[in-house]
2 protein chains.
Amino acid sequence: MALAARGSLAEALSLRGIRLTRQRRLLLEVLDNAPGHLNARELLQAARRTDPTIDRATVYRTLHLLKTSGLVDELDLLHLEGEEHYYERRRTGDHVHLGCPQCGTISEFETDLVLKLAQEVARREGFTATGIRIEVRGICKACSEAQVR
Amino acid sequence: MALAARGSLAEALSLRGIRLTRQRRLLLEVLDNAPGHLNARELLQAARRTDPTIDRATVYRTLHLLKTSGLVDELDLLHLEGEEHYYERRRTGDHVHLGCPQCGTISEFETDLVLKLAQEVARREGFTATGIRIEVRGICKACSEAQVR
DNA sequence: TTGTGAATGCAACTGAGTCGCAACTGAGAG
DNA sequence: CTCTCAGTTGCGACTCAGTTGCATTCACAA
């Protein structure tokens with residue numbers, strides 16, 4: 001019951017006819033409870049704290065599944081933190097990632113310009129957007145204030 | 001003279017005090033004349049047609065240089081074409097990449113929403129954007145027409 | 001023309017992500 | 001509740017993009 005009540009990702013999966021294994025359930029739980037963005041290695045490490053036998057390949061296969069099901073988004077966060085990919089649950093609110101190379105911080109920013117972009121692309125180009133990834137590189141407020149000081 | 005007249009990238013480099021070697025000149029030329037987006041491997045192959053001795057490491061080091069100088073942008077084109085990175089000269093007009101997973105086509109789309117986004121991020125967040133990468137995944141016009149048919 | 005710090009080629013390395021295969025298991029049929 | 005099997009997992013080997021250390025070469029300022 002607790003699982004069913006909280007397991008929105010799990011629910012979404014079984015709705016799509018995707019078999020819900022112990023490993024997938026665990027990975028979904030970790031993704032759901034993760035504070036920020038996780039890469040594959042971090043996801044594996046976190047999952048292994050609960051089930052030490054889970055394998056790297058399973059993590060990659062599950063991420064692939066979730067990506068193609070549209071349940072998670074893949075980001076690279078402008079490679080400020082490394083060369084790998086990062087993953088986050090797809091949410092309802094459209095948001096943009098702001099990355100500051102000076103301090104390495106990634107923050108998020110909600111704006112309806114994302115929706116407007118999807119509409120403009122549809123209107124002018126006949127292109128039906130299913131996912132939009134926006135990553136902005138620049139100097140964050142804290143860093144620019146520190147410089148002026 | 002011919003070089004100086006066309007070599008805007010080269011010019012930009014020497015303005016920044018970056019030494020202009022034979023290899024860099026060649027890579028810049030290839031990037032300038034490339035029809036679309038190139039990944040590191042393609043850039044190396046193209047450059048080797050002129051200078052077969054140029055090395056992979058030099059390509060990566062030069063790309064790193066151009067990225068941090070803000071002269072080229074790094075994209076992954078939503079990994080429709082592969083897992084590597086793609087590079088393109090930074091241009092004046094802001095544009096967005098549209099990728100259709102069905103046919104694998106990447107197209108471009110110019111819109112002033114990019115500029116508006118930069119302004120909104122600055123106004124509401126105090127974040128000074130230096131580069132914006134927008135990649136839209138979806139169904140292109142041709143594919144959606146083919147489906148309806 | 002020369003001196004020197006920066007850049008190159010080379011070869012070895014790193015690490016993210018993939019793949020084939022044998023063993024295992026979720027969940028639907030009975 | 002049990003049986004069955006396609007789908008999934010763990011494992012180990014593999015691929016390949018990108019990096020690094022080092023000896024050699026080169027751009028360019030003086």
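Letters go in sequence order (proteins before strands), and every chain restarts at 1.
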Test item: side-chain donor near acceptor, B:Y86 and B:E88, under 3.5 Å: no
ILVMFWY clustering at 4.5 Å (side-chain atoms), partners of B:V121: A:V96, A:L98, A:F109, A:L113, A:V114, A:L117, A:V121, A:F127, A:I132, A:I134, A:V136, B:V96, B:L98, B:F109, B:L113, B:V114, B:L117, B:F127, B:I132, B:I134, B:V136
Distance (rounded to the nearest 0.5 Å) between B:Q45 CD and B:N39 CG: 8.0 Å
A:L26 CG to A:R49 CZ distance, which is reported to the nearest 0.5 Å: 11.0 Å
Whole-Å distance separating the CG atom of A:L44 from the P atom of C:dG15: 15 Å
Side-chain (B:R24) to main-chain (B:R19) donor-acceptor, under 3.5 angstrom: yes
B:Q23 and B:T58: side chain donor to acceptor below 3.5 Å: no
Separation of C:dA16 P from A:K67 NZ (nearest whole Å): 15 Å
B:H64: side chain to side chain contact (heavy atoms under 4.5 Å, CB included) partners, not counting sequence neighbours: B:K67, B:T68
Positive for side chain to side chain donor-acceptor pair (under 3.5 Å) with A:T111, one of B:E125, B:R124, B:E120: B:E120
Outermost DNA chain D nucleotides near chain B [under 4.0 Å, heavy atoms]: D:dA17 to D:dC28
Near-strand residues of residues 48-61 of chain A, defined as heavy-atom separation under 4.0 angstrom from DNA chain C: A:R56, A:A57, A:Y60, A:R61
Point-to-point distance, once rounded to the nearest 0.5 Å, from CG of A:L66 to CZ of A:R61: 14.0 Å
A:L63 CG to C:dG17 P, straight-line distance once rounded to whole Å: 9 Å
Under 4.0 Å protein heavy-atom contacts per nucleotide of nucleotides 22-30 of chain C, with B for base, S for backbone only and - for none: ---BBS---
Spacing between B:H64 atom NE2 and C:dA7 atom P, to the nearest angstrom: 12 Å
Length of the line joining B:R24:CZ and C:dG9:P, which is rounded to integer Å: 11 Å
Check: A:R56 and A:R41 side chains under 4.5 Å, non-hydrogen atoms: no
Qualifying salt bridge (Lys or Arg N to Asp or Glu O under 4.0 Å) pairs, either residue in residues 126-141 of chain B, two or more places apart: A:D76-B:R133, A:R133-B:E135, A:E135-B:R133
